[in-house]
Amino acid sequence: MSTLVLVHAHPDDEAISTGGAMMKARADGHRVVLVTATRGEVGEIHNMDEKATRPHLGGVRTKELEKAAGILGVNRSVFLGYRDSGMVGTADNENPESFHQAPLDEAAGRLEAILREERPEVVVTYAEDGTYGHPDHIKAHHVTNAALDLLEKEGWRPRKLYYTVIPRSAMKAFAESLPEEARQDNIGSRIQGTPDELITTKVDVGDYVDRKRAAFGAHVSQNDPNSWFASIAEEIYRLAFGTEYYQLARGKPGSDLPESDLFAGID
């Protein structure tokens with residue numbers, strides 16, 4: 001059985017960006033291991049009382065992740081044990097317990113231990129821009145590469161390391177399909193997308209779109225019922241999330257490009 005390890009920043013990141021590939025991997029008989037750096041303690045709170053929920057939001061989001069992981073078919077879910085860093089310029093970003101402030105060698109060591117246990121054939125994390133610039137996404141990129149560097153010194157490496165990305169052309173097409181309100185979304189407006197020529201892998205996850213949406217829906221505290229995303233039309237959702245895109249950062253392609261599967265070329 002081959003293994004896929006995904007390194008994400010917060011609960012809910014896994015469902016939107018890699019949920020389809022996770023379900024496809026499990027359906028194809030692979031082991032799926034989810035590593036989450038933080039418990040999302042600084043995230044926005046929806047569908048719950050802010051004052052009552054904020055002190056234990058990390059616990060709430062942990063339970064939500066457990067439910068989402070069940071939908072996605074995760075075999076093992078583990079936290080790195082850091083605090084959500086929030087955005088640049090905030091007090092949370094300066095918190096010494098935050099992922100952003102963690103010494104790189106310390107965080108890489110924690111991840112290295114998990115990778116040594118699992119010996120995955122495929123590892124997935126974010127590109128250097130963290131998709132939209134979140135400090136925890138960027139830190140996950142650096143920590144994953146540092147952990148792999150440590151293991152390579154010991155003589156081991158995965159067959160492939162991928163970055164989850166959004167093609168620039170797909171981002172443009174998606175943005176043009178949205179209502180004006182959604183185009184002004186503060187996260188969406190920060191996503192420039194990855195140059196199309198860097199995309200190596202396109203995974204058709206159309207068969208898993210409904211479950212992928214259900215997995216994101218399990219993160220109740222993160223779902224704003226009044227947002228454009230909550231009422232997005234099915235056809236637009238499929239356009240945006242029915243294909244997942246990846247950039248092969250380490251290793252060799254397992255087929256002609258673009259690959260159609262993260263395990264292409266791996267028996």
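Throughout, numbering of the chain's residues begins at 1 and tracks the sequence.
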Could you check Ser221 against Glu64 for side-chain hydrogen bond (donor to acceptor under 3.5 Å, both in side chains), going step by step and ending with a plain yes or no?
CA-CA 8 Å; Ser221 64; Glu64 292 173 345; 2.8 Å; yes
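- Side-chain atoms of Asn93 and Ser85 form no donor-acceptor pair, as typed in the model, at a separation below 3.5 Å.
- Annotation for Leu262 and Thr201: closest pair CD2-CG2, 4.3 Å, computed over non-hydrogen atoms.
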CA sep, side-chain torsions, deciding dist, call: Arg157, Leu151, side chain to side chain contact (heavy atoms under 4.5 Å, CB included)
CA-CA 7 Å; Arg157 67 180 68 175; Leu151 287 166; over 6 Å; no
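- Here the side chain of Thr200 pairs a donor or acceptor atom with the backbone of Leu248 at under 3.5 angstrom.
- For the pair Gln247 (side chain) and Tyr163 (backbone), a donor-acceptor distance under 3.5 Å is absent.
- Side-chain contact check for Pro11 versus Thr36: some heavy-atom pair is nearer than 4.5 Å.
- Take Arg26 and apply the side chain to side chain donor-acceptor pair (under 3.5 Å) test, not counting sequence neighbours, and it matches no residue.
- Glu14 places a side-chain N or O within donor-acceptor distance of the main-chain N or O of Asp12, the cut-off being under 3.5 Å.
- By the 6.0 Å and 45° rule, Arg83 does not stack over the aromatic ring of Phe99.
- Across all non-hydrogen atoms, the minimal contact from Gln222 to Glu44 is NE2-O, 2.8 Å.
- Taking 4.5 Å as the limit, every side-chain heavy atom of Thr125 sits out of range of all side-chain heavy atoms of Tyr162.
- When every heavy atom of His137 is checked against every heavy atom of Ala9, the shortest pair comes out as CD2-CB, 3.6 Å.
- Because its NZ or CZ atom is both nearer than 6.0 Å to the ring centre of Tyr82 and within 45° of the ring axis, Arg110 counts as a cation-pi partner of that residue.
- Between the side chain of Gln192 and the backbone N or O of Arg168 there is no donor-acceptor pair closer than 3.5 Å.
- Counting heavy atoms from C-beta outward, Val7 and Leu111 have side chains that approach closer than 4.5 Å.
- A 4.5 Å side-chain heavy-atom check between Leu80 and Thr38 finds every atom pair outside the cut-off.
- Judged by distance alone, with hydrogens and angles left aside, the side-chain atoms of Glu41 form a donor-acceptor pair with the main-chain N or O of Asp84 at under 3.5 Å.
- Scanning for ring pair (Phe, Tyr, Trp, His ring centres under 6.0 Å) contacts around His219 gives an empty result, with sequence neighbours left out.
- For Glu112 (side chain) and Ala147 (main-chain N/O), no donor-acceptor pair under 3.5 Å exists by modelled atom type.
- Formation of a donor-acceptor pair under 3.5 Å by the Asn47 side chain with backbone atoms of Asn223 is found in this model.
- Between Lys160 and Val123, every side-chain heavy-atom pair lies at or beyond the 4.5 Å cut-off.
- With a 4.5 Å cut-off on side-chain heavy atoms, Arg39 and Arg61 do not count as touching.
- Taking each heavy atom of Ala25 and Phe263 in turn, the nearest pair found is CB-CE1, 4.0 Å.
- The minimum heavy-atom distance between Pro120 and Leu115, with the atom names listed, is CD-O, 3.6 Å.
- For the residue pair Asp204/Thr243, the side-chain donor-acceptor check at 3.5 Å is not satisfied.
- For CG of Asp49, the number of neighbouring non-hydrogen atoms (other residues, nucleotides, ligands) closer than 6.0 Å is greater than 12.
- Formation of a donor-acceptor pair under 3.5 Å by the His141 side chain with backbone atoms of Tyr126 is found in this model.
- Considering all non-hydrogen atoms of both residues, His134 and Gly86 come closest at CE1-O, 3.4 Å.
- Under the 3.5 Å distance criterion, the side-chain polar atoms of Thr53 are left unmatched by any main-chain donor or acceptor of Glu50.
- When side chains are defined from C-beta on, Arg238 counts as touching Asp210, because their heavy atoms get closer than 4.5 Å.
- In this structure, Ile199 is not a member of the same hydrophobic cluster as Met171, with clusters built from ILVMFWY side-chain heavy atoms closer than 4.5 Å.
- With a 4.5 Å cut-off on side-chain heavy atoms, Thr3 and Val33 count as touching.
- Rounding to the nearest 0.5 angstrom, the gap separating the CE atom in Met23 from the OG1 atom in Thr18 is 9.5 Å.
- Panel note: side chain Asp13, backbone His10; a donor-acceptor pair is recorded below 3.5 Å.
- In this structure, the separation between CG on Asn95 and CD on Gln101 is 8.0 Å, given to the nearest 0.5 Å.
- In the hydrophobic clustering, where aliphatic and aromatic side chains (Ile, Leu, Val, Met, Phe, Trp, Tyr) are joined below 4.5 Å either directly or transitively, Leu150 stands alone.
- More than 12 heavy atoms of other residues, nucleotides or ligands sit less than 6.0 Å from atom CZ of Arg31.
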